[in-house]
2 protein chains.
Amino acid sequence: MVTIKDIAKLANVSRSTVSRVLNNSGYVSEDARKRVEEVIEETGYVPSEQAKSLRTKKTKVIGVILPTIQTETPSRIVTGVGKELAKHGYQILLANTNLDKDKEFEYLDLLKVRQVDGIILIATNTEPELMEKIKAINIPFVMIGQESEEVMYVSYDDYQAARDLTSFLIDEGHEKIGFIGVDETDRAVGHERKRGYLDEMESRKLPVEKEWMQQGIFDIDSGREAMKRMIESIGERPTAVLAVTDRLAIGAMSYLKQQGMSIPDEMAVAGFGASEMSQYIDPPLTTVDYQNEQAGIEAAKQIMASIRSQNVQEKVILDGRLIIRNSV
Amino acid sequence: MVTIKDIAKLANVSRSTVSRVLNNSGYVSEDARKRVEEVIEETGYVPSEQAKSLRTKKTKVIGVILPTIQTETPSRIVTGVGKELAKHGYQILLANTNLDKDKEFEYLDLLKVRQVDGIILIATNTEPELMEKIKAINIPFVMIGQESEEVMYVSYDDYQAARDLTSFLIDEGHEKIGFIGVDETDRAVGHERKRGYLDEMESRKLPVEKEWMQQGIFDIDSGREAMKRMIESIGERPTAVLAVTDRLAIGAMSYLKQQGMSIPDEMAVAGFGASEMSQYIDPPLTTVDYQNEQAGIEAAKQIMASIRSQNVQEKVILDGRLIIRNSV
DNA sequence: CTGTTAGCGCTTTCAC
DNA sequence: GTGAAAGCGCTAACAG
C-alpha cells in the first residue's frame with residue numbers, strides 16, 4: 001500500500017508538504033506542488049480515509065437506522081438521503097433493525113462507536129427512552145417520519161393529509177366511512193392519521209361506528225383481514241374505507257374483489273403512500289403522495305448543516321399530495 | 001472523549017493491559033482485569049473502531065454496490081447480507097448507483113479508499129472492464145446475480161428456471177408463447193432467461209414468431225408497452241406470454257385487462273421474481289421464486305470466508321422455485 | 001503477568 | 001514555503 005510517506009520520498013518533500021497539496025491548505029511552491037502531483041498520478045495514491053478521520057475526527061459517514069428496506073417508503077427515503085449525501089462526499093452506513101425495536105438502541109451505540117458524523121433514523125415510534133438515548137448519544141441527529149420536540153426531524157403532515165382524504169371521500173358523497181389503521185405507538189401513521197380521519201368526520205357531523213374502525217399491521221394480509229372483519233360485522237356497512245397505508249388498502253381491495261364486490265361502486269377505497277402498485281392495481285388506488293425521496297434529501301441537508309454547525313431548521317414538515325384515481 | 005489512556009490511568013495499569021482485557025488476548029491477572037472492567041463500566045468507555053482499524057487494517061465494514069434499492073430483488077438481497085454480516089459484527093456501507101453504470105467504477109474506488117474489508121456487488125452486467133477493475137481493486141469480492149469466471153459469485157439458475165417455466169406453459173397446453181425480455185447486457189436476466197425460453201421452445205418443436213419477442217426495460221410501464229406491441233402486431237397472437245420480471249408481467253397484465261382480455265383464458269401470463277404484488281394482483285401471477293434473501297446470506301458467508309481466508313466456494317448457484325398461480 | 005516501545009497514515013502547530 | 005515533531009486511539013512485539 002502506498003502511503004503519504006512514499007509520496008513524500010518520491011517527490012523529495014516532507015509529508016507535510018504532500019498533505020498541503022492534498023488539502024489545498026497553506027503555501028506550496030508551484031514546483032513542489034507539481035512534483036507531488038506527478039508522483040500521486042504515477043502511483044495512483046489515494047489518502048486513507050481511515051487515518052484521516054482518526055486525526056480529524058470526521059468519518060464522512062452517516063448512519064441510517066431503518067425498520068426495513070423492503071417497503072417503498074424507507075427505500076425511497078434512503079435513496080434521497082444517499083443522493084444528497086453523495087454530493088458532499090458522505091456515505092451511508094446501513095443499520096437495518098428488521099422491525100426489532102431493541103435494535104434501534106443497539107445500533108445507536110454501534111454507530112457511535114463507529115464514529116459516524118451523524119445519524120438519521122427512519123422512525124416508527126417516539127418512545128421517551130429512545131428520545132433520551134438519542135440525546136445522550138450526542139451526535140448530529142435527524143429523525144424522519146415522526147415528530148418530537150426533543151430532536152430535529154423531517155416529517156409529513158399526516159393529520160392534514162388524513163383530513164383532506166376523508167374530506168374528499170365525503171365530498172364524493174360518502175357518509176359511512178370505515179378506517180383501517182395501525183397501532184398508535186406509531187404516532188405519525190397510527191395516531192395522527194386516525195385523528196385526522198376522526199376530526200374530519202366529526203366536523204362534518206358524520207357518525208363513526210365502532211366496527212368501521214379496524215386495525216392491521218403493516219402488511220397486505222392484515223389489510224385483507226381488517227376488511228374482512230369490517231364486512232362480516234353485523235351493523236351497517238360503510239360505503240368507503242380509508243386505509244392508512246397503500247398496502248393495507250391493497251389488502252382490503254383484494255378481499256373485496258374476492259367477495260365479488262365492485263370497487264368503487266359498492267365500496268370505495270383509499271390509501272396513503274403512493275406506492276408503485278397503487279397505480280397498477282385494478283382499479284387504480286386513490287392515495288396520498290408523500291415525496292419520500294424529498295424527505296430523505298431534506299434530512300440529509302439538515303444533518304449536513306448540523307455537522308457544519310450552520311443554521312439548522314429544527315423541523316421540516318412536508319405536505320402530502322392527494323392523488324385521485326378510480327378506486328373512489 | 002474517554003480513551004484507552006484514560007482507562008489505563010484510572011485502573012492503574014498500562015494501555016497494553018487494557019487492550020488485553022478488551023480483546024481477551026494474552027494473560028491478565030484477575031485483579032487487573034477486574035479493575036479495568038470496573039473502570040470501563042463506570043466511564044462507559046467503548047474503544048474507537050477508527051483507531052483500531054487503522055492499526056489492524058480491518059474495518060469490519062463491507063461495501064455493497066447496488067443498482068437501486070427501490071425494487072424488491074436488491075432490497076431482499078441487502079436484507080440477507082445485513083442479517084448475516086451482523087452476526088459477525090460487520091456492517092454495510094451502502095453504494096447506490098441509481099442505475100448509473102459509471103458509478104459502479106467510482107464506488108469501487110471509493111470503497112477501496114474507505115478500506116472496506118470486502119465488497120459485494122449486486123450486478124446488472126459483467127462487462128470486461130468492470131471485471132478487470134474488480135480484480136485490480138484486490139479486495140475480497142463477491143458478485144450477486146450474474147456469473148463470471150473471473151470472480152466469486154452467487155447467482156440463480158436463470159437458464160433452467162426459464163426452461164422450467166416455459167415447459168410448464170407448454171404442458172398447460174400453450175403452443176404459441178410470447179416473451180418479454182430485457183437488454184442482453186444483463187446476462188442473467190436478459191440473456192439466460194431468453195436462452196432458456198428459446199431452447200425449451202425449440203426442444204418442444206414449437207415455433208417462435210418474431211413479433212412474439214418483445215423487449216422492455218425494468219419497469220412496469222415498459223411491460224405494458226411490450227404487451228401492447230405484441231397484441232397490435234398483425235400476425236398470429238400468442239396464447240401465453242413469459243415476462244422476465246414480475247414487473248414486466250404486471251405491466252403486461254395491466255394492458256391486457258385494460259383491453260378487456262381475460263387472463264388466463266385469452267392470454268396466460270408468467271413472470272420471474274416472486275414479487276410481493278404477484279400474489280395480490282388479479283389473477284395472482286405464476287412466477288419463479290429466487291430466494292433473494294438467501295442469496296444475500298450466501299454472499300455474506302462467502303465474503304466472510306474470503307476475509308478469513310478460509311476455504312471459499314468460487315460459486316454458489318441457487319435454484320428458482322416455480323410458484324403456480326391462476327395467471328396461467 | 002505487565003509495561004515499554006514503536007507505529008498504523010494522516011494533519012497540524014511551530015520553527016526555521 | 002517547508003520540514004520536524006507531536007499526536008489522534010489503538011495494537012502488538014518484546015523484554016522483563
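All heavy atoms count here, side chains included; hydrogens, waters and symmetry mates do not. Chain letters run A, B, ... following the sequence lines, proteins first, then strands; residues in each count from 1.
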- Message: Checking contacts here: which listed nucleotide (C/dG9, D/dC10, C/dT4) is nearest the side-chain heavy atoms of B/Ser14?
- Response: C/dT4
- Give the nucleotide from the list D/dT11, D/dG9, C/dC10 with an atom nearest to the side chain of B/Leu22. D/dT11
- Message: Quick check on DNA chain C: between B/Glu30 and B/Ala51, whose nearest nucleotide comes earlier from the 5' end?
- Response: B/Glu30
Over how many whole Å does the gap from [X] atom [atom1] to [N] atom [atom2] extend?
{"X": "A/Asp31", "N": "D/dG3", "atom1": "CG", "atom2": "P", "value": "11 Å"}
{"X": "A/Lys58", "N": "D/dC8", "atom1": "NZ", "atom2": "P", "value": "17 Å"}
{"X": "B/Arg114", "N": "C/dG9", "atom1": "CZ", "atom2": "P", "value": "18 Å"}
{"X": "A/Ile7", "N": "D/dT2", "atom1": "CD1", "atom2": "C1'", "value": "18 Å"}
{"X": "B/Arg35", "N": "C/dT2", "atom1": "CZ", "atom2": "C1'", "value": "11 Å"}
{"X": "A/Lys52", "N": "D/dG7", "atom1": "NZ", "atom2": "C1'", "value": "18 Å"}
{"X": "B/Gln50", "N": "C/dC10", "atom1": "CD", "atom2": "C1'", "value": "12 Å"}
{"X": "B/Lys57", "N": "D/dC10", "atom1": "NZ", "atom2": "P", "value": "16 Å"}

- Item | With A/Asp183 via side-chain contact (heavy atoms from CB on, under 4.5 Å) - residues at least two apart | A/Thr185, A/Gln215
Looking only at side-chain N and O atoms, does [Y] offer a donor or acceptor that is under 3.5 Å from a partner on [X]?
{"X": "A/Asp186", "Y": "A/Thr124", "answer": "no"}
{"X": "A/Asp158", "Y": "A/Tyr290", "answer": "yes"}
{"X": "A/Glu147", "Y": "A/Ser155", "answer": "yes"}
{"X": "A/Gln302", "Y": "A/Glu298", "answer": "no"}
{"X": "A/Gln50", "Y": "B/Ser53", "answer": "yes"}

- Partner residues of B/Ser16 under the side-chain hydrogen bond (donor to acceptor under 3.5 Å, both in side chains) criterion, sequence neighbours left out: B/Ser14
Strictly under 3.5 Å: I want the nitrogen or oxygen pairs between protein and nucleotides 12-15 of chain D, one per line.
| unit_1 | atom_1 | unit_2 | atom_2 | d |
| --- | --- | --- | --- | --- |
| D/dA12 | N6 | B/Ser16 | OG | 3.4 |

- Hey, does A/Val18 reach any base, or is it just sugar-phosphate, or nothing, if we go heavy atoms under 4.0 Å? nothing
